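Not measured: the values here are computed from a predicted model.
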Amino acid sequence: MSNLQKLVLASGSPRRIELLQQAGIEPDRVLPADVDETPLRAEHPRSLAKRLSKDKAEKALASLKSEDDHAPVFILAADTVVAVGRRILPKAETIDDAVNCLGLLSGRSHRVYSGICLITPSGKLRQRLVETRVRFKRLPREEIDAYIASGEWRGKAGGYAVQGLAGSFVVKMVGSYTNVVGLPLYESVALLSGEGFKAHKNWHVARP
């Protein structure tokens, strides 16, 4: 396999790795790129998702360039933001975070934005933004408490993981399901395919 076909995923998220594998793509390397995810003053959720995905891709590239044996690769990064209106919800790290998020989402619609950024071996930077609208049912306190006890909310944007128990909270979803999980798969595969990326010889990726 040519070095030009190697893929670096600038994320340590098991969900993103699993989603890529679902599409027949196995990253050659996982290189988490930690960046400051604090929103800028008055920053729109859409802009935040795009900015952070770009920051992650560029940080991963800088890290690779510092290595002695660096060769050109594809670098894929993503960032997912959950918002109610313009209000950006945090990645829940504490029980209070999760309770506040779920209370805000209860019985309401919210939007999930994912920015994806691809840097090609030639250095070209390509971006996409994907939006999904989600409506939750009304969540009684006992149901919130039961979900908190599950621990699924830890580290999740908006305090929930739709692929787990929180899937039963969803009344309606308009748009990409995989976007809500953490990586809009159709758009990611289309971005890679459009730039000439081919999966490993033992995998097959159909062009969307």
Side-chain angles (χ1 to χ4, degrees), residues 1-35 37 46-82 91 111-132 155-157 161-164 167 173-208:
M1 182 177 62
S2 164
N3 283 336
L4 296 184
Q5 290 301 314
K6 288 187 178 293
L7 175 66
V8 171
L9 178 64
S11 171
S13 165
R15 298 175 302 283
R16 290 182 178 136
I17 296 170
E18 290 167 3
L19 285 167
L20 283 174
Q21 290 171 337
Q22 180 182 319
I25 299 174
E26 187 74 35
D28 293 276
R29 183 172 175 183
V30 173
L31 186 62
D34 293 326
V35 300
E37 299 187 2
R46 297 168 60 93
S47 302
L48 176 64
K50 287 188 68 176
R51 177 173 65 83
L52 292 181
S53 65
K54 181 173 180 285
D55 287 351
K56 290 177 180 180
E58 291 179 335
K59 185 166 185 178
L61 177 61
S63 178
L64 288 169
K65 284 183 174 179
S66 70
E67 299 177 358
D68 293 337
D69 58 348
H70 168 64
V73 294
F74 287 90
I75 300 172
L76 182 68
D79 189 81
T80 300
V81 173
V82 176
K91 289 183 179 177
R111 295 174 189 258
V112 179
Y113 302 94
S114 283
I116 51 176
C117 182
L118 178 69
I119 299 179
T120 70
S122 66
K124 185 192 302 183
L125 190 147
R126 299 286 305 281
Q127 285 190 276
R128 293 285 186 276
L129 181 77
V130 181
E131 175 185 332
T132 303
K156 304 299 191 302
V162 75
Q163 69 273 25
M173 183 181 295
V174 180
S176 168
Y177 169 78
T178 55
N179 176 41
V180 184
V181 177
L183 183 71
L185 205 47
Y186 170 83
E187 291 80 4
S188 297
V189 172
L191 198 57
L192 284 162
S193 298
E195 293 302 323
F197 177 81
K198 295 180 178 62
H200 294 189
K201 60 184 179 181
N202 294 326
W203 297 78
H204 172 69
V205 177
R207 183 182 290 272

Which residues share a side chain to side chain contact (heavy atoms under 4.5 Å, CB included) with [X], sequence neighbours left out:
X      : answer
Arg128 : Ile116, Arg126, Leu191
Leu61  : Lys65, Ile75, Ile119
Leu31  : Val8, Arg29, Ala60, Ser63, Leu64

Is there side-chain contact between [X] and [Y], with heavy atoms separated by less than 4.5 Å?
X      : Y      : result
Thr178 : Leu183 : no
Val73  : Asp28  : no
Lys91  : Lys156 : no
Tyr113 : Thr80  : no
Phe74  : Pro121 : yes
Leu125 : Cys117 : yes

Quick one: salt bridge (Lys or Arg N to Asp or Glu O under 4.0 Å) partners of [X], sequence neighbours excluded?
X      : result
Lys124 : Glu195
Lys56  : Glu37, Asp79
Lys50  : none
Glu131 : Arg46, Arg111

Which heavy atom of [X] sits nearest a heavy atom of [Y], and at what distance?
X      : Y      : value
Ala10  : Ala77  : CB-CB, 3.9 Å
Ala78  : Gly182 : CB-O, 4.4 Å
Ser176 : Val130 : CB-CG1, 4.3 Å

Can you sort out the partners of [X] under side chain to side chain donor-acceptor pair (under 3.5 Å), two or more places apart, ordered by chain and number?
X      : value
Ser188 : none
Ser11  : Arg16
Thr132 : Asn179
Lys54  : Glu58

- Query: Is it true that Asp55 and Lys59 make a salt bridge, defined as a side-chain N closer than 4.0 Å to a carboxylate O?
  - Reply: no

